[in-house]
Asks: 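My questions all concern the structure below.
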Amino acid sequence: MGAILNQMSTGILAQDARAQLNANKYWGKHSIDAIAGVQLSEKKTDGFNTRIYGYNPERLTVSNIDLINPYPRFITGAASLIPGGNDFTGFNNRFLSFYTNAAYTYNNRYTASFSARKDASNLFGLNTNDQWNPLWSVGAAWDIAAEAFYKYKFISQLKLRATWGYSGNLDQSKSAATTISYIGVNPFSLTQMTRVNNFYNPDLRWEKIGQLNIGLDFAMAANRISGSIEFYHKRATDLYQSVPVDQTLGIGTTIVKNVGQMNNHGWDIVLNTININRKIKWTSNFILNTTKSKVTEYYSNTLQASNYAGNSGMALNGFPLYSLFAYQWGGLSASGDPQGFLQGQRSTNYNQLNGPASTVNDLVHI
């Protein structure tokens with residue numbers, strides 16, 4: 001008798017330490033600006049769920065419940081344990097980074113930059129080579145408006161820049177080490193049951209994104225109009241994906257590996273204007289973005305149309321991620337039945353249209 005009270009609590013403790021050295025040197029027409037540092041971070045998450053039976057909110061009383069012996073259910077009469085509902089969670093993610101960034105400028109016109117960092121995480125097992133992920137980037141900039149031959153003073157700023165480099169990404173729910181969770185009590189043996197969340201996977205590593213940026217920054221009319229035009233191209237490799245695994249290993253049917261690849265490119269155009277700059281200020285900001293992406297490497301063990309039609313969670317090589325596919329409309333038959341296309345021919349055989357005979361080639365990319 002009484003209520004069932006479920007309570008949940010989660011606590012997060014995040015710590016971060018960073019030490020950085022800045023250096024600046026100017027002599028003649030030369031200048032160097034550089035930084036170097038190390039950063040450590042840790043994020044602990046602890047939580048618990050509790051279930052209390054016989055809770056009386058007016059008297060603040062509870063009842064003791066037998067969670068060990070089975071009892072018959074009211075409807076079926078089948079014997080089962082009363083669910084306890086108590087569980088605890090704990091995560092501890094640590095990261096360590098070494099980084100440096102340096103830029104050299106000559107005559108306030110030409111700039112070359114370089115950055116490098118090396119990140120490590122405790123998510124990738126015990127081998128040092130698995131934990132560390134080296135990343136770097138290089139760049140160059142040319143201040144065209146500072147050149148002696150530049151005569152267009154109305155455009156006070158005109159700078160061309162380009163960068164190429166790599167960044168990393170990871171899914172903190174994945175781990176290269178074997179991890180298990182306790183999932184309750186077995187009703188027959190009354191012993192604790194566990195489930196494997198991640199199997200030992202020494203090949204798991206960071207996802208890597210290579211990116212090219214080419215941009216033009218400008219300002220005119222005493223900086224009342226400014227903006228930028230930028231083209232970017234991204235190539236993501238070593239993306240996480242579940243792939244089949246030898247079932248005789250006893251670890252299930254799939255395992256996460258770094259096998260996926262994607263390409264993405266587009267334009268970013270920004271225009272800023274200062275329309276009124278007095279006690280009352282009025283500014284405008286216009287943004288135009290274009291993007292086009294496609295999956296270039298993705299393992300799929302099926303091309304059956306029914307697995308892709310209306311399912312934006314499936315990926316397919318040559319198409320954007322989360323693409324939407326639909327059955328091609330073939331109009332109505334003479335008897336008024338809707339028709340689809342099966343291997344290029346109109347068909348009302350819905351079992352075949354939804355079966356292995358119909359592939360993604362019979363679908364339309366929406």
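Here the structure is a predicted model, which means the values were calculated and not measured. Counting from 1, the numbers follow the sequence of the chain as shown.
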Asks: Going by heavy atoms in the side chains, are Thr273 and Arg224 under 4.5 Å from each other?
Replies: no
Asks: Counting only N and O atoms by type, is there a donor-acceptor contact under 3.5 Å from the side chain of Thr100 to the main-chain atoms of Ile35?
Replies: yes
Asks: Can Ser137 and Ser115 be counted as having a side-chain donor-acceptor contact under 3.5 angstrom?
Replies: yes
Asks: For Asn64, I'd like to know if atom CG has over 12 heavy atoms of other residues, nucleotides or ligands within 6.0 Å.
Replies: no
Asks: Can you tell me how far CZ of Arg94 sits from CG of Leu40, rounded to the nearest 0.5 angstrom?
Replies: 10.5 Å
Asks: Within the distance-only criterion (no hydrogens, no angle test), does the side chain of Thr111 pair as donor or acceptor with the backbone N or O of Thr105 below 3.5 angstrom?
Replies: no
Asks: Should the heavy atoms of other residues, nucleotides or ligands under 6.0 Å from CZ of Phe74 be counted, would the total exceed 12?
Replies: no
Asks: Is atom CG of Leu13 surrounded by more than 12 heavy atoms (other residues, nucleotides or ligands) closer than 6.0 Å?
Replies: yes
Asks: Apply side chain to side chain contact (heavy atoms under 4.5 Å, CB included) to Gln241 and Glu297, showing your working.
Replies: CA-CA 10 Å; Gln241 189 199 346; Glu297 291 289 341; over 6 Å; no
Asks: Between Phe341 and Tyr327, is the ring centre distance below 6.0 Å?
Replies: no
Asks: Do Glu147 and Arg109 come within less than 4.5 Å of each other through their side chains, counting heavy atoms only?
Replies: yes
Asks: Might you work through the side-chain hydrogen bond (donor to acceptor under 3.5 Å, both in side chains) test for Ser228 and Asp268, ending with a clear yes or no?
Replies: CA-CA 8 Å; Ser228 63; Asp268 287 334; over 6 Å; no
Asks: I'd like to know whether Asp119 forms a salt bridge (charged side-chain N to carboxylate O under 4.0 Å, His left out) with Arg117, so could you lay out the CA-CA distance, the side-chain angles of the two residues, the decisive distance to 0.1 Å, and finally the verdict.
Replies: CA-CA 6 Å; Asp119 298 318; Arg117 63 182 299 128; 3.1 Å; yes
Asks: With a 3.5 Å cut-off and no angle check, do the side chains of Thr283 and Asn272 form a donor-acceptor pair?
Replies: no
Asks: If every non-hydrogen atom of Asn223 is compared with every non-hydrogen atom of Ser156, which pair is closest and at what distance?
Replies: OD1-OG, 3.5 Å
Asks: Between Thr291 and Asn264, is a side chain to side chain contact (heavy atoms under 4.5 Å, CB included) present by the stated rule, with each step listed?
Replies: CA-CA 7 Å; Thr291 183; Asn264 183 30; 2.8 Å; yes
Asks: When you look at Arg18 and Val38, which way does the side chain to side chain contact (heavy atoms under 4.5 Å, CB included) test go after all the steps?
Replies: CA-CA 6 Å; Arg18 179 173 178 173; Val38 57; over 6 Å; no
Asks: Considering all heavy atoms of both residues, which atom of Val256 and which atom of Ser242 are nearest to each other, and what is their separation?
Replies: CG2-OG, 3.8 Å
Asks: Any chance you could lay out the side chain to side chain contact (heavy atoms under 4.5 Å, CB included) test for Arg73 and Ser80, step after step, and finish with the verdict?
Replies: CA-CA 7 Å; Arg73 291 181 174 271; Ser80 67; 3.2 Å; yes
Asks: Indicate the atoms forming the closest heavy-atom contact of Ser284 with Asn275, along with that distance.
Replies: OG-ND2, 2.8 Å
Asks: Please confirm whether Lys294 makes a cation-pi placement over Phe319, using NZ or CZ under 6.0 Å from the six-membered ring centre and within 45° of the ring normal.
Replies: no
Asks: With a sphere of 6.0 Å drawn around CG of Asn108, does it hold more than 12 non-hydrogen atoms of other residues, nucleotides or ligands?
Replies: no
Asks: Is there a side-chain contact between Asp337 and Tyr350 (heavy atoms, below 4.5 Å)?
Replies: yes
Asks: Are any non-hydrogen side-chain atoms of Asn24 and Tyr26 less than 4.5 angstrom apart?
Replies: yes
Asks: Relative to each other, are the rings of His30 and Trp27 parallel, tilted or perpendicular (30° and 60° limits)?
Replies: parallel
Asks: Tell me, with the steps shown, if Asn307 and Thr302 meet side-chain hydrogen bond (donor to acceptor under 3.5 Å, both in side chains).
Replies: CA-CA 8 Å; Asn307 292 323; Thr302 177; 3.1 Å; yes
Asks: Report yes or no: does Gln339 contribute a side-chain atom to a donor-acceptor pair with the main-chain N or O of Gln345 at less than 3.5 Å?
Replies: no
Asks: Mind listing the closest non-hydrogen atom pair of Gln20 and Asn22 along with its distance?
Replies: NE2-OD1, 2.9 Å
Asks: Side chains of Tyr308 and Ser300: is there a donor and an acceptor less than 3.5 Å apart?
Replies: yes
Asks: Phe325 vs His365 aromatic rings, parallel, tilted or perpendicular, using cut-offs 30° and 60°?
Replies: tilted
Asks: Above 12 or not: heavy atoms from other molecules or residues under 6.0 Å from OH of Tyr182?
Replies: no
Asks: For the hydrophobic clusters of this structure (ILVMFWY residues joined by side-chain heavy atoms under 4.5 Å, transitively), does one cluster hold both Tyr166 and Phe114?
Replies: yes
Asks: Between the side chains of Gln211 and Asn213, is a donor N or O closer than 3.5 angstrom to an acceptor N or O?
Replies: yes
Asks: Can a side-chain donor-acceptor contact be found between Tyr104 and Asp33 if the only test is distance below 3.5 angstrom?
Replies: no
Asks: Is there a donor-acceptor contact under 3.5 Å from the side chain of Asn258 to the main chain of Arg205?
Replies: yes
Asks: Quick check: does any side chain N or O of Asn92 sit under 3.5 Å from a backbone N or O of Glu42, one acting as donor and the other as acceptor?
Replies: no
Asks: Under 4.5 Å between any side-chain heavy atoms of Val270 and Asn285, yes or no?
Replies: yes
Asks: Evaluate the side-chain hydrogen bond (donor to acceptor under 3.5 Å, both in side chains) criterion for residues Ser347 and Asn349: first the C-alpha distance (whole Å), next the side-chain angles of each, then the deciding distance (0.1 Å), finally the verdict.
Replies: CA-CA 6 Å; Ser347 174; Asn349 190 330; 5.5 Å; no
Asks: Using the ring of each side chain (for Trp, its six-membered ring), is Tyr106 parallel, tilted or perpendicular to Tyr110, with breaks at 30° and 60°?
Replies: parallel
Asks: For side-chain hydrogen bond (donor to acceptor under 3.5 Å, both in side chains), just list the numbers for Tyr232 and Thr163, CA-CA rounded to whole Å, side-chain angles, deciding distance to a tenth of an Å, and then say yes or no.
Replies: CA-CA 10 Å; Tyr232 67 89; Thr163 58; over 6 Å; no
Asks: Side chains of Thr50 and Asn6: donor-acceptor distance under 3.5 Å anywhere?
Replies: no
Asks: Looking at Thr359, is its backbone amide N or carbonyl O close enough to the side chain of Asp362 to form a donor-acceptor pair, meaning the two atoms are under 3.5 Å apart?
Replies: yes
Asks: Is the closest side-chain heavy-atom distance between Gln157 and Phe218 below 4.5 Å?
Replies: no
Asks: Below 4.5 Å, heavy atoms only, C-beta onward: do Trp267 and Glu230 meet side chain to side chain?
Replies: no
Asks: Carefully, step by step, assess Tyr55 and Tyr53 under the rule ring pair (Phe, Tyr, Trp, His ring centres under 6.0 Å).
Replies: CA-CA 6 Å; Tyr55 175 68; Tyr53 288 94; over 10 Å; no
Asks: Contact between Phe98 and Gln39 at the side-chain level, heavy atoms closer than 4.5 Å - yes or no?
Replies: no
Asks: Does CZ in Arg161 sit with more than 12 non-hydrogen atoms of other residues, nucleotides or ligands closer than 6.0 Å?
Replies: yes
Asks: Looking at every heavy atom in both Gly330 and Arg346, which two are closest together, and how far apart are they?
Replies: O-NE, 3.0 Å
